[in-house]
Amino acid sequence: MKAIVIRRRAGEGVLEPAQVETPRPGPGQIRVRVRATALNRADVLQRRGLYPAPPDAPADICGLEYAGEVDSTGPGATRWKAGDKVMGLLGGGGYAQFAVTHEALALPVPVGLPWREAAAIPEVFITAFDALQQLELTAGERLLIHAAASGVGTAALQLACSAGAEVFGTTGTPEKVALIRRLGADHAIHYRSQDFEEIVARETGGAGVNAVLDLVGAAYWPANLRCLALRGRIVLVGLVGGSRAETDLATILRKRLRVYGTVLRSRPLEEKIELTRRFSQDVLPLLSDGRLRPVIDRVYPLERAAEAHRVMEKNENAGKIVLEVS
C-alpha cells in the first residue's frame with residue numbers, strides 16, 4: 001500500500017512517499033480503507049523523534065485519526081462489516097491507504113458528512129470532550145481556553161458553548177480572533193496585543209474563571225493560576241509553550257485548586273474504548289445533527305504531508321489540516 005513514512009536525513013525527520021506492507025487486522029480489529037486523515041501536534045513531534053509511537057502502532061507512519069470504509073475484519077470482530085463508513089482514533093499509521101484499529105474504537109460517520117470533515121473529528125473532539133469531562137464543567141461556569149483556534153481549541157470551544165459555559169479564548173491573529181468569536185467565544189482575546197489575565201479580571205469583576213483548558217503550558221502557567229477562581233480547575237493538554245515553569249504552590253493551596261494532566265495516545269486500550277463509548281453517547285448526536293462541526297483550515301493530498309507539517313509548525317492554521325488519501 002501507499003504510505004507517507006518518516007525517513008532520517010542528517011538527524012532530521014523527513015516525510016516521504018513509500019510502498020509498505022498492507023497491515024492485517026488481528027483479533028477484534030478491523031482494517032479500514034482510509035479516505036482522509038488529519039494532522040495533530042503529536043505528528044510533528046513524532047517526525048522530529050520527540051514522541052515515539054506506542055508499541056502497537058507503526059513507528060514510521062504518523063496519523064492519529066482516520067475516516068474511511070471498513071475493508072476487512074479480524075477474528076472475533078463482529079461490530080462492523082465491509083463497506084461501513086467509520087472514523088476514529090489511531091495510535092499511529094493514519095498517513096496510509098489502509099490502517100487497522102480495534103473495532104470498539106471506531107465510530108460511525110454521520111450521514112452525509114464528507115470524508116474530510118469526518119477525519120477532522122476524532123482526535124480533537126475526543127480530546128476536548130475528555131478534558132472538559134475532567135474539569136466537570138457545568139452551565140454558567142467560566143472557562144478560559146488557550147490556543148482556542150487550534151483543532152482541540154475549536155472543538156473545546158464548541159463543546160463548552162453547547163454546555164452553557166461563558167468562554168474566554170486566546171489566539172494569535174485578528175483572523176483567528178474573528179473565528180473563535182464566530183464559534184461562540186464570549187471573550188475573544190488577541191494575546192499578542194491584549195493581556196488575557198487583565199481581561200479575565202475585568203470581565204469577571206476580579207472573581208476569575210472556574211476552569212482553564214490549557215494547550216500552551218509553561219508560558220502561561222503562573223498567569224493561569226492567578227486567573228482561576230476559588231476552587232478552580234485547570235487541565236493541561238499541550239506543551240507548545242514549554243514544559244517547565246515555576247509554580248506558586250501557595251496559590252494552589254489558598255484557592256484550593258485542582259490540577260489535571262491528560263494525554264490520550266498512550267492510554268490503555270480499555271480506557272480508550274470507554275472514552276469512545278461515552279463520546280458516542282454524548283457528542284456524536286451533536287455532530288450528526290450539525291450542532292457541532294469540525295473547523296478545517298486547509299486540505300492537502302496525502303503526498304503533500306510534508307508541506308502540511310510546515311504549515312502546522314508555523315502556526316498558520318486555524319482549525320484542522322486534513323490529508324485526503326487517493
Of all heavy-atom pairs linking L213 and A156, the shortest is CD1-CB, 3.8 Å
Run the salt bridge (charged side-chain N to carboxylate O under 4.0 Å, His left out) test on E166 and R142 for me, step by step, so that the C-alpha distance in whole Å, both residues' side-chain angles and the decisive distance to 0.1 Å come before the verdict. CA-CA 5 Å; E166 179 182 349; R142 301 184 180 108; 3.5 Å; yes
Using salt bridge (charged side-chain N to carboxylate O under 4.0 Å, His left out), reason through R9 and E12 one step at a time and then give a plain yes or no. CA-CA 5 Å; R9 298 283 187 272; E12 291 292 324; over 6 Å; no
Nearest 0.5 Å, please: how far is OG1 in T37 from CG in L302? 8.0 Å
Side-chain donor or acceptor of W80 paired with backbone N/O of E103 under 3.5 Å: yes
Could D71 and R33 be called an ion pair, given the rule that one side-chain N must be under 4.0 Å from one carboxylate O? no
How far apart are the C-alpha atoms of R298 and E307, what are their side-chain angles, what is the distance that settles it, and do they pass the salt bridge (charged side-chain N to carboxylate O under 4.0 Å, His left out) test? CA-CA 11 Å; R298 62 194 79 187; E307 181 180 345; over 6 Å; no
Using only atom types and a distance under 3.5 Å, with no angle test, would you say the side chain of Q194 pairs donor to acceptor with the backbone of H190? yes
Per side chain to side chain contact (heavy atoms under 4.5 Å, CB included), I145 is matched among V167, V212, T171 by V167
Assess whether side-chain contact (heavy atoms from CB on, under 4.5 Å) is satisfied between R267 and T262, documenting all intermediate values. CA-CA 10 Å; R267 291 190 193 181; T262 188; 2.7 Å; yes
Mark yes when over 12 heavy atoms from residues, nucleotides or ligands other than Q19 sit less than 6.0 Å from its CD; otherwise mark no. yes
What are the two closest heavy atoms between G217 and L236, and how far apart are they? CA-CD1, 3.8 Å
Taking a hydrophobic cluster as the set of Ile, Leu, Val, Met, Phe, Trp and Tyr residues connected by side-chain heavy atoms closer than 4.5 Å, whether directly or through intermediates, do L113 and W115 fall within one such cluster? yes
Might you point out which heavy atoms bring G153 and S150 nearest each other, and give the distance in Å? N-OG, 3.0 Å
Side-chain donor or acceptor of T276 paired with backbone N/O of K272 under 3.5 Å: yes
Identify the heavy atoms of Y300 and A308 that sit nearest to each other, and give their distance. CD1-CB, 3.6 Å
Side chains of I121 and E117: does their closest heavy-atom pair fall under 4.5 Å? no
When you check the gap from the basic side-chain N to the acidic O, do E197 and R226 get nearer than 4.0 Å? yes
With side-chain contact (heavy atoms from CB on, under 4.5 Å) as the test, would you mind laying out the steps for Y66 and V86 before giving the verdict? CA-CA 8 Å; Y66 69 90; V86 292; 3.8 Å; yes
Among the clusters formed by ILVMFWY side chains lying less than 4.5 Å apart, do V100 and L90 turn up in the same one? no
Ring-plane angle category for F168 and H187, please: parallel below 30°, perpendicular beyond 60°, tilted otherwise. parallel
Run S326 and K2 through side-chain hydrogen bond (donor to acceptor under 3.5 Å, both in side chains) and show every step you take. CA-CA 10 Å; S326 60; K2 178 176 65 178; 3.0 Å; yes
Under 4.5 Å between side-chain heavy atoms, hopping through other hydrophobics if needed: is there a path connecting I199 to Y220? yes
side-chain hydrogen bond (donor to acceptor under 3.5 Å, both in side chains) assessment of T127 paired with R265: CA-CA 10 Å; T127 296; R265 187 183 194 185; over 6 Å; no
Show your reasoning for whether side-chain contact (heavy atoms from CB on, under 4.5 Å) applies to E123 and L89. CA-CA 6 Å; E123 182 69 22; L89 297 172; 3.2 Å; yes
With hydrophobic residues grouped by side-chain heavy-atom distances under 4.5 Å, do V295 and V177 end up in a single group? no
Single-linkage hydrophobic cluster M87~I321, side-chain heavy atoms < 4.5 angstrom: no
